[in-house]
Structures are given as structure tokens and as C-alpha cells.
**Q** 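Here it is: the structure, laid out below.
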Amino acid sequence: MSDILGDWKRTHFCGELRKEHIGRQVCLMGWVHRRRDHGGLIFIDLRDRTGIAQLALDPDRDPEAHAKAEAIRNEFVIAAIGTVSPRPQGTVNPKMPTGEVEIEISELRILNIAKTPPFMLDEFTEVAENLRLKYRYLDLRREAIQKNLILRHQVAQTVRSYLTDNGFLEIETPMLTKSTPEGARDYLVPSRVNLGNFYALPQSPQLFKQLLMVSGFDRYFQIVRCFRDEDLRADRQPEFTQIDCELSFVDRDDVMAVMEGMIAKVFKSAINVDVILPIPRLTFAEALDRYGVDNPDLRFEMELVNLTEIVKDSGFKVFAEVAAKGGLVKALNAKGCATFSRKELDGLTDFVAIYGAKGLAWVKIQEDGSWQSPIAKFFTTQELASIGAALDAQPGDLLLFGADKPAVANEALGRLRGHLGNKLGLANPNSYKFAWVTDFPLLEWDGEERRHVAVHHPFTAPLDEDIPLLDTEPGKARAKAYDLVLNGSEIGGGSIRIHNQAVQSRMFNLLGIGEEEAQQKFGFLLDALEYGAPPHGGIAFGLDRVMMILTGAGSIRDVIAFPKTQKATCLMSEAPGVVDEKQLRELGIRLAAPSQQKQS
RNA sequence: GGGGCUGUAGUAGAGUCGGUUACAACGCCGGCCUGUCACGCCGGAGGUCGCGGGUUCAAGUCCCGUCAGCCCCGCCA
């Protein structure tokens with residue numbers, strides 16, 4: 001049924017043919033996107049990764065090729081030789097880049113037939129994602145997702161050339177490495193030659209890149225896969241890609257300056273957006289105060305306002321008690337939203353409840369300036385005036401209040417701010433607002449484990465002026481850490497590292513990692529720090545998240561060729577799967593009782 | 001571990017208050033058609049209503065459970 005390729009050589013890609021090619025004899029190869037059979041004349045839209053070209057088969061001109069074309073169906077793989085011709089007057093298709101020409105086919109070869117695909121591969125058909133993932137190789141033929149992956153390649157190329165131009169060396173680090181405490185759950189790989197021992201897949205090449213600095217490579221980068229066995233989200237996959245960088249003899253400003261240059265170059269080359277440098281900075285404390293979260297969407301205002309001082313002595317017990325217990329009373333002004341219905345307000349209350357808020361007080365400012373609100377009656381005229389002034393309340397505005405422990409009040413209102421920004425269309429999808437967030441706390445108290453844990457990671461250096469705090473109030477020490485935030489998404493983060501063995505040991509101590517454990521888990525790093533480690537620091541960007549923003553993808557799966565489902569399975573390969581008893585025996589592994597295993 | 005949404009021909013959907021043979025579109029198959037481009041016209045085939053149980057004279061529809069996909073909380077240094 002199908003023909004051999006023979007000695008045919010492709011001369012052009014489908015999407016590149018233009019008026020300039022008229023008169024040329026060309027040989028195209030690709031997939032049949034669509035066939036239009038007029039009884040006599042047959043048109044075939046031939047597709048490859050560059051686009052679509054129209055093949056014209058005329059029974060009068062070449063009966064043999066035309067007869068062959070009658071059997072052709074969608075997604076057949078064909079090769080065609082013909083002459084690039086102008087389309088007749090009035091039949092030019094301005095919607096297609098190749099719409100001014102067509103190829104008058106003289107010879108046709110069917111290189112492979114194809115079953116009818118389980119779903120249409122055109123740009124119009126919405127397909128359930130589980131089906132797309134099962135037939136991923138077909139889904140990947142579709143233009144939208146091909147464009148994403150092609151852009152991803154271009155971004156990777158831009159990154160490589162920028163970093164190379166700036167003295168970075170691309171060096172690979174192990175995939176089979178050692179499990180370390182702290183951080184995410186590891187993916188483990190059993191060792192056959194060391195029965196009972198396990199490698200861990202890297203959560204990031206953190207320790208190795210620091211050791212490369214100790215080795216004197218000065219600047220390192222890697223576009224590298226990382227693995228974290230945690231639950232998935234729309235922007236989180238168990239294996240994901242980092243643009244991982246480390247630099248020697250630098251402080252924070254040096255890292256941020258080099259890296260924002262890279263980001264600017266990527267955005268210019270990928271989507272022709274000019275990133276204004278330097279990227280503005282705000283401290284973690286300021287971000288929380290003004291936006292409630294450490295990854296604010298800066299495309300719109302609607303900042304949070306702290307009303308704790310104004311309401312702490314008010315007659316509204318809910319607010320007064322929160323203030324008395326050290327909590328926060330904050331509010332935001334949803335401009336022009338006094339028209340919200342009761343149902344919409346309930347929806348907002350449900351939304352903040354997700355983040356632990358027990359309620360959401362509201363005030364609608366009426367056209368006559370009066371306050372419609374269940375809580376207005378609890379405040380004095382003076383208090384109302386102060387609240388109104390603090391929030392710049394105007395007729396038609398909707399004021400929304402949260403009162404809780406600082407963490408809950410900030411997160412609930414901060415997330416509400418982001419939610420409203422999207423709902424009200426304040427977040428312009430064509431706008432790109434970057435910010436560095438700096439001065440993160442070094443440590444965070446873990447109530448469950450009753451110990452401090454590192455906010456960034458255990459190798460992050462404290463601010464020089466906060467080092468004395470490590471002995472007195474470690475929880476107040478700030479870190480030389482920085483995140484790059486874009487449109488409400490954290491796209492990168494890094495820090496200056498501890499390069500002094502004594503400080504690193506002290507850090508482990510603060511984290512409740514004993515000397516023996518530190519030696520066992522991180523001994524090689526501690527040793528290395530004693531052999532002349534330069535001051536160094538670095539950063540890692542989430543390439544997948546960057547690509548989501550550059551492509552406008554709603555899901556991380558749309559920028560990854562073969563992604564996993566929310567349950568971390570691959571619907572195409574059906575990974576993970578069971579393995580032979582023999583394989584397990586070689587690894588010295590015996591499975592727990594079947595009742596403890598997932599049925600499959 | 002928890003909350004929510006979805007599941008009906010190959011695809012994406014409609015299906016009212018539980019009531020006749022589950023509907024139209026796209027795709028597919030056949031026929032016709034020499035300038036279409038999401039071609040058009042005529043005809044045809046195609047269904048375990050995710051799966052299991054229950055209520056009922058009667059279930060796509062109501063109830064319970066379960067599976068899968070998605071979104072979220074926890075988790076993700």
C-alpha cells in the first residue's frame with residue numbers, strides 16, 4: 001500500500017514556501033492535515049513542523065498522482081514533487097503564510113498510511129486531557145503545543161549563549177546521588193551492587209554546584225532535570241527543569257545583575273518584550289505588608305492596608321481581639337465592586353476560607369457615601385473616617401477585611417488580591433512585571449517538628465549584620481536570599497552560600513542537625529569548605545514556569561513534551577509499572593503485603 | 001490525607017420533573033462534485049450513558065460506593 005522513499009530528497013519545508021519560490025520544482029514531505037476532494041481537483045494541506053502548504057492535484061495534468069491522492073486520508077505520511085505556482089486570481093488565502101502559492105503536484109509517494117486518529121488534530125477541536133496524554137505523540141503534532149516546545153528550545157539556546165558569553169561553564173552533575181535531609185521527599189533508586197543502599201535523584205544540584213565553586217570553575221550553569229516526590233499542581237511536575245547557576249567571588253547584587261540580564265535577553269528574543277533593568281526590588285517584609293504574599297502580582301495595585309492600629313480599641317470585638325492577641329487586621333479596596341451580589345461576596349468568603357480565614361468582612365460604599373455593611377455599626381464615626389481614609393474609599397468601592405494571625409491574614413488577603421486581580425481583569429496578560437524579593441528570613445519555626453527549618457536551604461548565608469542574631473534570636477535573622485517574581489509567580493530563587501565551615505556547622509546546629517548527622521550527610525561539603533572555598537552564590541530558575549508565562553500556557557503540561565498526570569503517572573507509557581520478581585530479587589527488595597499496595 | 005469540578009457514539013456536547021426507539025454537530029464509511037482552504041451536497045454506520053451496587057413498575061437522570069482526569073489545601077528547603 002505504501003511507497004518507498006527511494007532516492008527522493010526533501011528540498012523545502014511546507015511552511016517556508018512563498019511567492020519567491022514560484023516556478024521552482026520542490027519536494028515536500030509531511031503529514032496530510034486535510035484533504036479536499038472536489039471530484040476532479042484534489043487539494044491536500046500538507047503539514048510539517050514549520051506549517052502547512054497546499055498541494056493541488058489536477059486529474060488532467062497528472063492522472064496518476066491524482067488517482068493516488070484519492071486514497072489518501074488524514075495523517076498519512078506522504079512525499080510530493082511538484083512546481084510552486086501562484087494561486088489563481090481570487091483564490092489566495094490571506095490566513096495562511098503560504099497562502100499565495102500552491103504546489104502543482106506531478107508525482108506522489110505514500111510513505112506510510114495512518115489509522116484515523118482518536119481525535120482531530122486541527123486547532124479547533126478541544127480534547128479531553130487524558131486522551132491527549134494517552135496519545136501524546138499525536139497531541140504533539142498539533143500546532144499550539146509544537147510552538148511551545150520550539151520556543152522552549154529557543155529559550156534554552158538563548159540561555160546557553162548568554163551564560164557562555166558571561167563566563168559560565170556548562171558542567172553536568174550526577175543524577176544518581178545521595179539522599180539528604182531537609183527539603184522535599186526524594187525519589188529513590190535502589191543500588192544492586194550495594195544491596196540495601198539507595199541513591200536519590202537530585203532535588204537540585206545544590207551541593208555539587210557549590211563544590212564546583214570550591215574547585216575553581218568560577219561560574220557554572222546547567223539546564224538540568226530535578227526531581228521532587230511531592231504532590232502535583234498546575235505549575236508543578238515531579239520532574240522539572242531548572243536553569244541552575246552558581247558564581248564565585250560575588251555578593252547578592254552581582255548575581256542579580258548577571259541574571260536579570262539573562263532574563264531580559266530571554267524575554268526580548270522569545271516574545272520581543274523589553275524588560276526594564278534593573279528589576280525593582282522589595283524586601284520580604286515589604287512584600288508581605290503590601291501584598292500579603294512573597295510572590296506578588298505587580299501588574300495591578302490594590303495593596304493591602306494594615307488597619308490594626310485604627311481598630312485595636314474599637315467596639316468590634318472580632319477585630320479588637322485579634323489585635324490584642326498580636327494578630328493583624330488588614331483590608332483591601334476592590335475599586336468599583338460595590339455592585340457585587342450577596343452570592344459573589346459569599347464566593348469571596350469561601351475563597352479566603354481555603355487559606356484558613358474564618359470570615360471576610362465587607363463594606364460597600366454607596367453612591368451617597370454611606371456605608372452598607374454588617375460591621376459598620378460597631379465603629380465610631382472617627383474610626384470609620386480613618387478606615388475610609390486609609391483605604392481611599394470612594395463611592396462604588398468594596399472594602400474587604402481580614403483579621404487573623406499575621407500569617408493567615410496576610411495569605412488570605414494576599415491570595416484574595418490575586419484572585420480579584422484575575423476576576424476583574426486587572427492583570428493584563430501582555431504585561432510583565434518583575435521584582436526581586438530579598439531579605440527573606442533565614443529560618444522558620446516548624447511547630448510540628450519543634451525546631452527551626454531553613455526557609456531557603458541550609459547552605460544559605462545570613463546577612464552579615466544578622467550573624468550575631470544566630471546566637472540570640474535566630475528566628476529574626478535574615479538571609480542573603482532572593483527570589484525573582486513575575487506576574488505573581490516565583491520563577492527563580494537563590495542565595496549567597498555559606499563558605500565558612502564554622503558558620504555552616506553552626507547552621508546545622510540551629511536546624512537541629514547534630515554534628516554526627518551533619519558529618520554523615522554533608523561531611524563532604526563541610527570538608528570541602530575547609531580547603532579554601534571562595535565566597536559564592538547562585539540561583540536557579542524554573543524553566544517550565546518561565547515557559548508557561550512566555551507561552552501563556554495554563555498548565556505546565558503544555559510546555560513539557562511528555563508530562564505526568566496529577567497522580568504522577570504517564571498515561572502513554574503507563575509508568576510507573578510493576579517490575580519482575582527477578583528484578584526485585586537482584587535489588588534485595590521484597591514488597592510489603594499486597595493490601596498495602598495499590599491494586600493495578 | 002482533605003475539599004471541589006468533570007465523566008453520554010471516534011471527538012466535544014444537549015438530554016427538562018425519573019417515563020416511547022438516547023439527540024444534532026464534527027469525524028468516519030459510501031456516492032456526487034474541477035478552485036477549495038474548518039470545501040459543499042446526498043446517504044449510511046456508529047452507544048456497556050466511566051464502573052459497581054441500591055431505590056423504583058421504570059434510572060443517562062435519584063442515592064451510596066468506586067475509578068479516572070482536572071483545580072485547590074496540606075506538602076513542595
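Chain letters run A, B, ... following the sequence lines, proteins first, then strands; residues in each count from 1.
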**Q** Could you encode protein contacts along nucleotides 2-13 of chain B as a string, one character per nucleotide from 5' to 3', using B for base contact, S for sugar-phosphate-only contact and - for no contact, with a heavy-atom cut-off of under 4.0 Å?
**A** --------SSS-
**Q** Check whether more than 12 heavy atoms from other residues, nucleotides or ligands sit under 6.0 Å from atom CD of A/Glu515, and answer yes or no.
**A**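 No, because the 6.0 Å sphere around CD of A/Glu515 holds 12 heavy atoms or fewer from other groups.
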**Q** Counting only Watson-Crick pairs (N1-N3 plus N6-O4 or O6-N4) and G-U wobbles (N1-O2, O6-N3), all under 3.5 Å, who is the partner of B/U55?
**A** none
**Q** Tell me which residues in residues 84-106 of chain A put a heavy atom below 4.0 Å from RNA chain B, sorted by number, or none.
**A**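 A/Arg87, A/Pro88, A/Thr91, A/Val92, A/Asn93, A/Lys95, A/Met96, A/Glu102 - these, ordered by number, are the residues of the stretch whose heavy atoms sit under 4.0 Å from the strand.
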**Q** What is the nucleic acid contact for A/Thr180, judged by heavy atoms within less than 4.0 Å: base, sugar-phosphate only, or nothing?
**A**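 Answer is nothing: A/Thr180 stays at 4.0 Å or more from every strand.
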**Q** For B/C39 and A/Arg34 - does any side-chain N or O of the residue sit under 4.0 Å from the phosphate oxygens OP1/OP2?
**A** yes
**Q** Do the side chain of A/Arg228 and the base of B/C76 come within less than 3.5 angstrom through a donor-acceptor pair of N or O atoms?
**A** no
**Q** Is there a donor-acceptor pair under 3.5 Å between the side chain of A/Arg136 and the backbone N or O of A/Leu131?
**A**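 Judged by distance alone, no pair lies under 3.5 Å.
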**Q** Rounding to the closest angstrom, what is the interatomic distance between B/U20 and B/C64 at atom P?
**A** 25 Å
**Q** How would you label the contact of A/Arg132 with the nucleic acid (heavy atoms, under 4.0 Å): base, sugar-phosphate, or nothing?
**A**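 Nothing, no heavy atom under 4.0 Å.
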**Q** Work out how far the C1' atom of B/G2 is from that of B/G18, and round it to whole angstrom.
**A**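 Approximately 34 Å lies between the C1' atom of B/G2 and that of B/G18.
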**Q** Which side-chain hydrogen bond (donor to acceptor under 3.5 Å, both in side chains) pairs, counting each pair once, include a residue from residues 44-60 of chain A, with sequence neighbours left out?
**A**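 The answer is A/His33-A/Arg47, A/Arg36-A/Asp45, A/Arg36-A/Gln54, A/Arg47-A/Glu75, A/Asp48-A/Thr50, A/Gln54-A/Glu102.
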**Q** B/C76 pairs with which nucleotide, Watson-Crick or G-U wobble, both distances below 3.5 Å?
**A**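 By the stated definition (distances under 3.5 Å), nothing pairs with B/C76.
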**Q** Do A/Arg233 side-chain and B/G74 base share a donor-acceptor contact under 3.5 Å?
**A**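 Result: at least one qualifying N/O pair found.
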**Q** Looking only at atom types and distance, does a side-chain atom of A/Gln237 sit under 3.5 Å from a main-chain N or O of A/Leu232, one as donor and one as acceptor?
**A** no
**Q** Less than 4.0 angstrom from a charged side-chain N to a carboxylate O is my criterion; do A/Glu129 and A/Arg557 meet it?
**A** yes
**Q** Report the distance from atom CG of A/Asp45 to atom P of B/C37, rounded to the nearest whole Å.
**A**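 After rounding, the gap between these two atoms is 11 Å.
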**Q** Atom CZ of A/Phe351 and atom P of B/C72: how far apart are they, to the nearest Å?
**A**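 Taking CZ of A/Phe351 and P of B/C72, I get 11 Å after rounding.
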**Q** Compare every heavy atom of A/Gly538 with every heavy atom of A/Tyr482, then report the nearest pair and how far apart it is.
**A** OH-O, 2.8 Å
**Q** What protein N or O atoms touch nucleotides 28-32 of chain B N or O atoms at under 3.5 angstrom, if any, and at what distances?
**A**
unit_1, atom_1, unit_2, atom_2, d
B/C29, OP1, A/Arg73, NE, 3.1

**Q** Tell which nucleotide pairs with B/C70, taking only Watson-Crick or G-U wobble pairs whose two distances are both under 3.5 angstrom.
**A** B/G4
**Q** Using OP1 and OP2 only, check whether a side-chain N or O of A/Arg36 sits under 4.0 Å from B/U36.
**A**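 For B/U36, OP1/OP2 do not have a side-chain N/O of A/Arg36 under 4.0 Å.
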**Q** Under 4.0 Å between a side-chain N or O of A/Arg35 and OP1 or OP2 of B/C37?
**A** no
**Q** Taking only the C1' atom of each, what is the distance from B/C37 to B/C73 in whole angstrom?
**A**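 One C1' to the other, the span is 49 Å.
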**Q** Could you measure between the two C1' atoms, the one in B/C49 and the one in B/U21, and give it in whole Å?
**A**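 About 16 Å, rounded to a whole number of Å.
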**Q** Write down the distance separating the C1' atoms in B/G35 and B/A45, rounded off to the nearest Å.
**A** 31 Å
**Q** Are A/Asp346 and A/Lys343 within salt-bridge range, i.e. N to O under 4.0 Å?
**A**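 Between A/Lys343 and A/Asp346 there is no salt bridge, as every charged N stays at least 4.0 Å from the carboxylate O atoms.
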**Q** Quote, to the nearest angstrom, the P distance that separates B/G60 from B/G52.
**A** 13 Å
**Q** Does a donor on one side chain sit under 3.5 Å from an acceptor on the other, for A/Thr173 and A/Gln222?
**A** yes
**Q** Going by purine N1 to pyrimidine N3 plus the second Watson-Crick contact, or the G-U wobble pair, all under 3.5 Å, which nucleotide sits opposite B/A25?
**A**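 B/U11 - that is the nucleotide pairing with B/A25, both distances being under 3.5 Å.
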**Q** So what's B/G40 paired with, Watson-Crick or G-U wobble, going by both distances under 3.5 Å?
**A** B/C32
**Q** For B/A68 versus B/U16, give the span between their P atoms, rounded off to a whole number of Å.
**A**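 Looking at atom P only, B/A68 and B/U16 are 29 Å apart.
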**Q** Would you say the side chains of A/Arg497 and A/Ser495 form a donor-acceptor pair under 3.5 Å?
**A**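 Their side chains do contain a donor-acceptor pair, which is all the 3.5 Å distance test asks for.
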**Q** So what does A/Phe459 hit on the nucleic acid, given a heavy-atom distance under 4.0 Å: a base, only sugar-phosphate, or nothing?
**A** nothing
**Q** Classify A/Asp122 by what it touches in the nucleic acid, base, sugar-phosphate, or nothing, heavy-atom distance under 4.0 Å.
**A**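 Counting heavy atoms under 4.0 Å across all strands, no contact is made by A/Asp122.
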**Q** Is it true that, when you exclude A/Glu239 itself, more than 12 heavy atoms of the residues, nucleotides or ligands shown sit nearer than 6.0 Å to its CD?
**A** yes
**Q** What nucleic acid atoms does A/Ser204 come within less than 4.0 Å of, heavy atoms only: base, sugar-phosphate, or nothing?
**A** base
**Q** Within the supplied structure, the quantity of interest is the number of heavy atoms (other residues, nucleotides, ligands) at a distance under 6.0 Å from A/Glu126 CD; does it exceed 12?
**A**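 Open.
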**Q** Mind calculating the distance between CG (A/Asp186) and C1' (B/C75) to the nearest angstrom?
**A** 14 Å
**Q** By centroid distance (under 5.5 Å) and plane angle (under 30°), are A/His38 and B/C39 in a stacked arrangement?
**A**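 So yes, this residue stacks on that base, both cut-offs being met.
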**Q** Would you classify A/Arg557 as touching base, sugar-phosphate or nothing, given that sugar-phosphate means primed atoms plus P, OP1 and OP2, and contacts are heavy atoms under 4.0 Å?
**A** sugar-phosphate
**Q** The criterion is side-chain contact (heavy atoms from CB on, under 4.5 Å); which residues satisfy it with A/Phe284, sequence neighbours excluded?
**A**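 Result, side-chain contact (heavy atoms from CB on, under 4.5 Å) vs A/Phe284: A/Leu288, A/Asp294, A/Val437, A/Phe440, A/Pro441.
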**Q** Scan the side chains in residues 200-209 of chain A for donor-acceptor partners under 3.5 Å anywhere in the protein, sequence neighbours excluded, and list what turns up.
**A**
unit_1, atom_1, unit_2, atom_2, d
A/Gln203, OE1, A/Ala184, N, 3.0
A/Gln203, NE2, A/Ala184, O, 2.7
A/Gln203, NE2, A/Asp186, OD1, 2.6
A/Ser204, OG, A/Gln206, N, 3.2
A/Gln206, OE1, A/His457, NE2, 3.4
A/Gln206, NE2, A/Gln210, OE1, 2.8
A/Gln206, NE2, A/His457, NE2, 3.3
A/Lys209, NZ, A/Asp244, OD1, 2.7
A/Lys209, NZ, A/Cys245, O, 3.1
A/Lys209, NZ, A/Glu246, OE1, 3.4

**Q** Is any NZ, NE, NH1 or NH2 atom of the basic residue among A/Arg478 and A/Asp466 found under 4.0 Å from an Asp or Glu carboxylate oxygen of the other?
**A**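 Yes.
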**Q** In whole angstrom, give me the gap between the P atoms of B/A9 and B/A22.
**A**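 The same atom, P, in both gives a distance of 14 Å.
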